[in-house]
Amino acid sequence: MYLYDEIDQRLVDERVAQYRDQTRRYLAGALTEDDFRPLRLQNGLYIQRHAPMLRVSIPYGLLSSRQLRALADIARTWDRGYGHFSTRQNIQFNWPKLEDVPEILARLATVQMHAIQTSGNCIRNTTTDHFAGIAPDEIVDPLVWCEIIRQWSAFHPEFAYLPRKFKIAVSGSERDRAAVQVHDIGLQARQNAAGDVGFRVLAGGGLGRTPIIGAAVREFLPWQHLLTYLDAILRVYNCHGRRDNKYKARIKILVKELTPEAFRRQVEEEWAHLKDGPATLFTEEIRRIERRFTRPNYLKLDALAPGYALELARDKAFANWVRRNVHAHKLTGYAAVTLSLKKTGVPPGDATAEQMDAVASLADRYSFGELRVSHEQNLILADVRLGDLHALWQEAKALGLATPNIGLITNIIACPGGDFCALANAKSIPVAEAIQRRFDDLDYQHDIGELDLNISGCMNSCGHHHIGHIGILGVDKQGAEFYQISIGGAQGNEASLGRVIGPSVSQAQVPDVIEKLIEIYLECRDSEEERFIDVVRRIGIEPFKEHVYGNPHQAQKNSQRQLAVA
Amino acid sequence: MATLIRHRKIVSDNWQLLKPADDGSAPPLPESGDIIVPLAAWLAQRDRLLQRPGRLGVWLAGGDEPALIAEDLKNLGVVAVYFTQFSDGRGYSLGRLLRVRYGWRGELRAVGDVLRDQLFYLAGCGFDAFALRDDQDLQAALSAFGDFSEAYQASAARPLPLFRRRHLNSPDGMEWS
Ligand code: SF4
């Protein structure tokens, strides 16, 4: 965990005091709705369908057990006993009262947490790989860089009123697990031929109604220049991004309208003025940030834990869970574990206060009191001993957190959708549930193999449907809720955007359509090794389309036959 | 007499801000007195404005290019940035550019939709004078400058970002906090 120093803490406390006063003035009628809106948004407070929604920042997804207990406490005291982990490594509370928010923020500040810049047209929480710091293939520890960016972006006086929201993602390894290609800025750690560390800088990626893969503005930026370069990009965007149309205001539109080449030139011109300026980083500062992170007190372990191999052989359910939910660790004898928040019947990403307390206790006993939130809306214990896995599995199972579905079709990523979100065209939670029920049989799920399924309730794409192998998007069809299905999207280094397979379908039809897609996949796959996404890439979307909607010739023949009969 | 906040004090204001006429044409110039004219008016009638009695200022709108006045800053008594909406963040970058890149050291004034709750960031970007929107309580607004006692980033008051100052201030050149 990064531990605040006196100044970090003071700034967060002062922010609470500032917002307390703003809320007081708003409630007293001294601050109009319009003047208050950006202030509350930059403190994480939205007005939604039923009540305000408070989005709390979990910087780069890292949480201590103490912080998770505080979140449970907030859920119980000011909400209805649960919270929702979002796809951006934040947690959202759906039922707080506007007048209670300053108190909630004060409670968060006692555990070094906040809701600063979790919403509004500003630089948002920087996200990263949920295996940051423990992945075997890292060039740098992205957590350190995310914290450097957090400090640079927090209360940045120049960039609090951007044309639109702004999201940065950092990957510490060449293999991208942070979706850097679909962020406003994506930073990918690299080493050049001389062995120096730096970043590949992408800009203008994003989902939403105009999904675009980010353009490389710089192939190698030495780490010392990271902040001045970010300043340059942000300034070009702040000055030239469109402000006349909210739907064209993201940086991706600027990059596209200027062309990536012209955008790059403007950034480099701007950077020429800032380069080597006061915001240039130096080694002691990186060390200082590194030292403020507590690190687990790892033991030297054997590769083979006694009992573990035996349990694996003896217990098929345990072995299944290990296969899906346990991940490699850079240290011998340790593993990372995903606690699934995707149990059938529970809205994806939701956790009750009791579950949060229980997970905090698991983290204390099995993983050095720390955990991570993944963009797939699950919780991760990153440092578990192999010898403890069986005991942990049993406890997790009792808590409903051991569904062995990571990477499988029922590990659905879904936004809150029409049940909560005022912007939604359609619900997403019941659709997720219907699909989970349809594929509830575990053997069937495992047979289908790796498959990302993402659902968004509207074009804002909070459920990242464009990069799901199967993506489902809620659309409005003459006032009724319909769903558009796309296939072929992917995240990571092989990122691609899904293609729509045909006319949208009703809620009741969605599970049938998904099942048809799976049927074709199973029929066409070369072997179990060939994943759904691989098959889509190999044979294209036509065969899938035909199987779902019928062959156009076939359809014509059918109708002719019907005519003949008539 | 109009008032404004300058250097964190409420003072009376002698400057008159001229706006283009509704059809976009240059505003008529008063015979005397201190005036702040829109950039377009300055570019069109530079010499005439310089000969006129009274001090002269120029105001920039969000999309204006500050380089256009860089050479003439020595002739100006005030540079102002006009915010049509407080949420138009371009003015913040204009402030920083004028201060840091073009070296403007005179009064940098925020005018238009300027509210108490943005004063801290505006000051951070180099603004030192604020003609607040009519409905704002100037006395109460003064407290906004104290909203935060530190900042991570460089600002007008602290030209070095916090991380640099931490290391400078540390006795052994290392951590200080
Ligand atoms: S995708 Fe749309 S419906 Fe879903 S949370 Fe985002 S804005 Fe709301």
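The sequence lines fix the lettering, A, B, ..., with proteins before strands; numbering per chain opens at 1. These values consider heavy atoms only, across backbone and side chains, with no hydrogens, waters or symmetry-generated copies.
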Is B:Asp88 close to chain A through its backbone or its side chain, or both, or neither, when contacts mean heavy atoms under 4.5 Å? both
Residue B:Glu150 versus chain A: region with a heavy atom under 4.5 Å: both
Any B:Phe163 side-chain heavy atom under 4.5 Å of A:Ile148 side chain: no
If you define the side chain from C-beta out and look only at heavy atoms, does anything of B:Pro161 sit under 4.5 Å from A:Trp152? no
Apply side chain to side chain donor-acceptor pair (under 3.5 Å) to B:Gln118 and A:Tyr161, showing your working. CA-CA 10 Å; B:Gln118 283 73 46; A:Tyr161 295 97; 2.9 Å; yes
Contact origin within [X] toward chain B - heavy atom pairs under 4.5 Å:
X	answer
A:Arg150	side chain
A:Gln22	side chain
A:Ser153	backbone
A:Glu285	both

Distance-minimising heavy-atom pair for [X] and [Y]:
X	Y	value
A:Glu270	B:Leu97	OE2-CD2, 4.1 Å
A:Glu14	B:Ser149	OE2-OG, 2.6 Å
A:Pro157	B:Gln153	CD-OE1, 3.8 Å

Distance (rounded to the nearest 0.5 Å) between [X] [atom1] and [Y] [atom2]:
X	Y	atom1	atom2	value
B:Arg96	A:Leu274	CZ	CG	9.0 Å
B:Leu162	A:Asp8	CG	CG	8.0 Å
B:Arg90	A:Arg243	CZ	CZ	6.0 Å
A:Leu227	B:Tyr152	CG	OH	13.0 Å
B:Ser87	A:Asp34	OG	CG	9.0 Å
B:Asp117	A:Asp35	CG	CG	8.0 Å

Worked check of side chain to side chain contact (heavy atoms under 4.5 Å, CB included) between B:Phe148 and A:Leu11: CA-CA 7 Å; B:Phe148 296 94; A:Leu11 286 169; 3.9 Å; yes
Are B:Tyr121 and A:Glu158 close enough that a side-chain donor and a side-chain acceptor fall under 3.5 Å? no
Is it true that [X] and [Y] have a side-chain N and a carboxylate O under 4.0 angstrom from each other?
X	Y	value
B:Asp137	A:Arg25	no
B:Arg116	A:Asp21	yes
A:Glu284	B:Arg166	no
B:Asp147	A:Arg15	no

Please check if the distance between the ring centroids of B:His167 and A:Phe282 is under 6.0 Å. yes
What do you reckon, are the aromatic ring centroids of B:Tyr92 and A:Phe159 less than 6.0 Å apart? no
Is it the case that over 12 heavy atoms from other parts of the model lie below 6.0 angstrom from the CG atom of B:Asp134? no
Should we count NZ of B:Lys74 as having more than 12 external heavy atoms under 6.0 Å? yes
Which one wins on heavy-atom pair count under 4.5 Å against chain B: A:Arg10, A:Gln151, A:Arg235? A:Gln151
Using modelled atom types and a 3.5 Å cut-off, is there a donor and acceptor pairing between side-chain atoms of B:Arg164 and backbone atoms of A:Pro278? yes
